[in-house]
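Report on the following structure.
Just follow the structure's listing: the first ligand is 1, and inside any ligand the first atom is 1. Keep in mind it's a predicted model, so treat the numbers as computed, not measured.
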Amino acid sequence: MKQLKHLIDILDLSVDEINGLIESADDIIARPEKYSEKCRGKKLATLFFEPSTRTRLSFEAAMYELGGNVIGFSEAQSSSASKGESVADTAKVVSCYADIIAMRHPKEGAPLVAAQNASVPVINAGDGGHFHPTQTLADLLTIHREKGRLDNMTVGFCGDLKFGRTVHSLIGALSRYSGLRFILISPEELKLPSYVKQDVLKKAGIPYVQTTDLEGSMPELDILYMTRVQRERFFNEEDYLRLKDSYILTPEKLTNAKSDLSIMHPLPRVNEISVEIDKDPRACYFKQVLNGKYIRMALILKLLKEAGTVE
Ligand code: CP
């Protein structure tokens, strides 16, 4: 029997597969009509046990634009998880109704358990503080469309580097390209976890510096990836309130930035980027949102083709 391909961690995809998805998304953007019937008669199930605007709606928009349909739920309370049904059973049940599953869950590893029990492809749409591989694909597509490459640049990550799953996934993905350098800008309490530094950065020999200084780092950056302090991951509200406004990007802070800097943010933002920046041509975060839909279209197609469900 053919082994099903799932997407749980961005590292489940080879560099060639990521480059292929970017190429496919570029083609979807250029010729959307070619794809409008590709998933006719197929169903995507969006199983969201945690809140989402972009990820869930972009998955759903992606499936509709491929000609398919969508079923699912947007909170655990409206599913039988509230009666104690396990993730494994949920995956087995939903496999009877849908051709592919996108799951977000607060528990790290839950989408992996779903993949081990489903008979259709499972996509991790975010698990706790762990991984968010489709956000990473949206980020990679955005960087590629802005810079024309994924190698040879200095990337600054700023904010909550401890709990920010988008940061962990993007660092893992970029570490496989050459000529990258990272500047990790965060308060002491929200530094990148040691396991990411040891298992990813040191292993790949990626040069990086850790600092608390955003403005001092600015002139070196090709990409600035801002992040929200993840309130939902804090055990203590006082710590969150003390740290939440550590970095607020304002036009003044961009005085020494490169003219072709790309400012990214996975969103939602709270205070991290002043709304005045939205009209700066270097702001890319709403382009990331749109790119998220196109790369999810490319991913749904790839996984369904590999499962033999679509041609
Ligand atoms: N970037 C992102 O995951 O946004 P949502 O939480 O709204 O899906």
Side-chain angles (χ1 to χ4, degrees), residues 7-10 21 25 44-65 70 72-79 100-108 110-111 114 122-143 145-146 155 157-174 223-234 240 244 247 249 262-273 277-278 283-300:
L7 178 60
I8 304 303
D9 176 352
I10 192 69
L21 284 169
L44 163 75
T46 50
L47 312 184
F48 277 61
F49 296 84
E50 218 187 28
S52 166
T53 297
R54 273 147 297 274
T55 311
R56 185 171 66 84
L57 296 183
S58 65
F59 262 116
E60 297 188 355
M63 192 53 162
Y64 285 124
E65 290 190 25
V70 178
F73 51 82
S74 57
E75 52 180 346
Q77 275 313 104
S78 64
S79 79
I100 186 163
I101 294 171
M103 174 184 281
R104 171 170 289 187
H105 203 288
K107 269 202 193 138
E108 297 169 0
V122 174
I123 302 170
N124 179 1
D127 61 329
H130 212 195
F131 299 129
H132 194 350
T134 62
Q135 179 64 48
T136 304
L137 290 173
D139 297 342
L140 293 173
L141 175 62
T142 304
I143 295 171
R145 287 183 73 79
E146 294 302 308
V155 183
F157 291 93
C158 178
D160 183 350
L161 309 190
K162 180 177 178 183
F163 296 116
R165 59 192 174 196
T166 62
V167 170
H168 305 164
S169 284
L170 185 54
I171 285 177
L174 286 173
I223 306 277
L224 171 57
Y225 195 95
M226 296 295 294
T227 62
R228 172 178 69 93
V229 174
Q230 305 267 309
R231 181 181 206 152
E232 62 276 33
R233 314 275 174 235
F234 275 75
Y240 167 72
K244 73 182 174 70
Y247 298 99
L249 189 64
S262 297
I263 303 164
M264 300 178 64
H265 191 306
L267 304 181
R269 77 174 145 189
V270 182
N271 274 334
E272 311 79 58
I273 301 181
I277 306 265
D278 295 0
C284 292
Y285 30 95
F286 292 111
K287 291 185 195 171
Q288 268 170 281
V289 172
L290 187 56
N291 289 334
K293 180 185 69 175
Y294 292 121
I295 201 79
R296 289 180 177 106
M297 288 172 77
L299 178 66
I300 290 168

Just by modelled atom types, is the Ile8 backbone N or O under 3.5 Å from a matching donor or acceptor in the Asn124 side chain?
-> yes
Select all protein residues for which some heavy-atom-to-ligand 1 distance is less than 4.0 Å, and list them by chain and number.
-> Ser52, Thr53, Arg54, Thr55, Arg104, His132, Gln135, Pro266, Leu267
Looking at Pro266, Cys158, Cys284, which hits side-chain contact (heavy atoms from CB on, under 4.5 Å) with Tyr225?
-> Pro266
Kindly say whether Ala138 contributes a backbone atom to a donor-acceptor pair with the side chain of Gln288 at under 3.5 angstrom?
-> no
Cut-off 3.5 Å, side chains only: do Thr46 and Arg56 have a donor facing an acceptor?
-> no
Applying the side-chain contact (heavy atoms from CB on, under 4.5 Å) test to Phe49, which of Arg104, Glu75, Met103 qualifies?
-> Met103
Above 12 or not: heavy atoms from other molecules or residues under 6.0 Å from NZ of Lys293?
-> yes
